[in-house]
Visitor: 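To start, I am sharing the structure in question, which I have written as structure tokens.
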Amino acid sequence: MKRKIVIATMNDHKASEIRSLIGDRYDVMTQSSFSIPSVHETGKTFEENALIKAGEVSQKTGLLTLADDSGLEVDLLQGNPGVYSARYAGPNATDAENNKKLLAELEEFKDEKISARFQSVIVLIDPVDNSKNIFHGSWEGRITLKPRGKNGFGYDPLFYIEDLESTAGELNQAEKNKLSHRAIAMRKVTDYLKKKSLDTE
Ligand code: IMP
């Protein structure tokens with residue numbers, strides 16, 4: 001029987017990316033399967049928020065739990081929106097509203113190269129051996145003030161990857177999952193889980 005793993009998120013796009021990055025060795029569920037409401041992200045860093053989300057969901061389910069806290073850092077905005085990426089334009093902001101706010105903030109820099117990166121911090125908690133591990137991934141790019149592409153979520157249409165001459169919003173999920181901040185962190189998670197299962201066999 002496959003071991004269960006719970007993804008502590010209410011974001012279906014994020015869950016879908018993580019699901020395909022975990023592969024088929026696990027029975028993957030999300031916190032919605034347990035009717036666990038959205039967890040308040042009161043932390044000031046990605047690490048703190050990922051620890052809060054994974055802690056609450058693992059405690060409520062007693063199962064192996066994974067939480068990703070992620071966001072976009074724009075150098076010209078001193079790292080903002082950062083941990084506030086999901087609620088940049090307000091507590092219940094949509095992706096479109098957040099993108100609009102970011103474009104407005106960056107209008108004055110329209111003639112500059114706007115360097116930015118996505119960050120992902122993933123916390124994995126295993127209640128069986130009481131272990132807690134943290135994995136990081138980042139993805140460098142720049143912001144384009146001309147949104148392109150309908151794939152992905154969040155700031156993907158504004159995140160331009162020079163080498164590919166395309167935005168993250170123009171990549172399909174398989175392409176994004178080869179390069180993204182979340183993919184880099186998730187590769188570390190799956191390597192860790194593989195090694196751990198070999199150690200206990
Ligand atoms: P979290 O669910 O609190 O971790 O918020 C993550 C937020 O960061 C999302 O709502 C997006 O605004 C942004 N974000 C994180 N990862 C991505 C991505 O892969 N593409 C686009 N936006 C992302």
Side-chain angles (χ1 to χ4, degrees), residues 6-21 30-32 36-57 65-74 77 79-106 114 116-124 134-144 147-161 164 166-187 189:
V6 188
I7 309 170
T9 188
M10 305 288 280
N11 179 329
D12 291 340
H13 285 283
K14 199 194 262 193
S16 156
E17 285 185 13
I18 293 174
R19 210 178 260 280
S20 71
L21 289 161
T30 67
Q31 72 185 70
S32 312
I36 300 172
S38 174
V39 176
H40 291 298
E41 298 182 24
T42 51
K44 293 210 165 19
T45 62
F46 296 119
E47 279 87 355
E48 282 172 14
N49 282 335
L51 282 163
I52 292 169
K53 291 188 272 191
E56 187 156 331
V57 173
T65 299
L66 179 158
D68 155 285
D69 200 67
S70 46
L72 177 72
E73 292 176 345
V74 179
L77 300 177
N80 281 319
V83 286
Y84 303 105
S85 291
R87 43 204 155 111
Y88 195 39
N92 298 309
T94 62
D95 287 345
E97 288 163 346
N98 288 329
N99 283 359
K100 197 172 158 206
K101 171 160 175 162
L102 186 67
L103 290 176
E105 300 273 332
L106 291 172
I114 307 168
R117 73 203 53 75
F118 279 125
Q119 298 278 15
S120 164
V121 175
I122 294 183
V123 167
L124 184 74
I134 305 183
F135 306 88
H136 296 82
S138 71
W139 191 16
E140 295 289 332
R142 66 178 171 89
I143 302 300
T144 170
R148 273 168 36 189
K150 300 228 174 308
N151 298 332
F153 68 101
Y155 300 95
D156 278 343
L158 305 183
F159 190 74
Y160 184 79
I161 306 112
L164 302 180
S166 77
T167 67
E170 292 174 303
L171 303 180
N172 63 37
Q173 194 179 76
E175 290 166 331
K176 185 178 173 189
N177 275 352
K178 282 191 195 130
L179 302 167
S180 81
H181 49 315
R182 194 164 297 106
I184 292 166
M186 277 302 299
R187 267 198 292 279
V189 172

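Worth knowing before you read on, the calculation uses all heavy atoms, side chains too, and leaves out hydrogens, waters and symmetry mates. Atoms within a ligand are numbered from 1 in the order they appear, just like the ligands themselves.
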Visitor: Would you check ligand 1 and list the protein residues that come within less than 4.0 Å of it by any heavy atom, ordered by chain and number?
Guide: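 Only Lys14, Glu41, Lys53, Asp68, Asp69, Ser70, Gly71, Ser85, Ala86, Phe118, Phe153, Gly154, Tyr155, Asp156, Lys176, His181, Arg182 have heavy atoms that fall under 4.0 Å of ligand 1, ordered by chain and number.
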Visitor: Using atom types as modelled and distance alone, determine if a side-chain donor or acceptor of Glu41 lies under 3.5 Å from a backbone N or O of Asn49.
Guide: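 Side chain of Glu41 to backbone of Asn49, a donor-acceptor pair under 3.5 Å: no, none is there.
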Visitor: With sequence neighbours left out, what residues match Thr65 under side-chain hydrogen bond (donor to acceptor under 3.5 Å, both in side chains)?
Guide: none
Visitor: Glu17 side chain to Lys14 main-chain N or O, any donor-acceptor pair under 3.5 Å?
Guide: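 Side chain of Glu17 to backbone of Lys14: no pair is present.
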Visitor: Mind checking side-chain hydrogen bond (donor to acceptor under 3.5 Å, both in side chains) for Asn177 and listing every partner two or more places apart, or none if nothing turns up?
Guide: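 Only Ser20 meet the side-chain hydrogen bond (donor to acceptor under 3.5 Å, both in side chains) criterion with Asn177.
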Visitor: Under the salt bridge (charged side-chain N to carboxylate O under 4.0 Å, His left out) definition, can you give me all pairs with a residue in residues 80-100, not counting sequence neighbours?
Guide: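 Sorted result for residues 80-100: empty, none.
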Visitor: Using atom types as modelled and distance alone, determine if a side-chain donor or acceptor of Asp69 lies under 3.5 Å from a backbone N or O of Ile122.
Guide: no
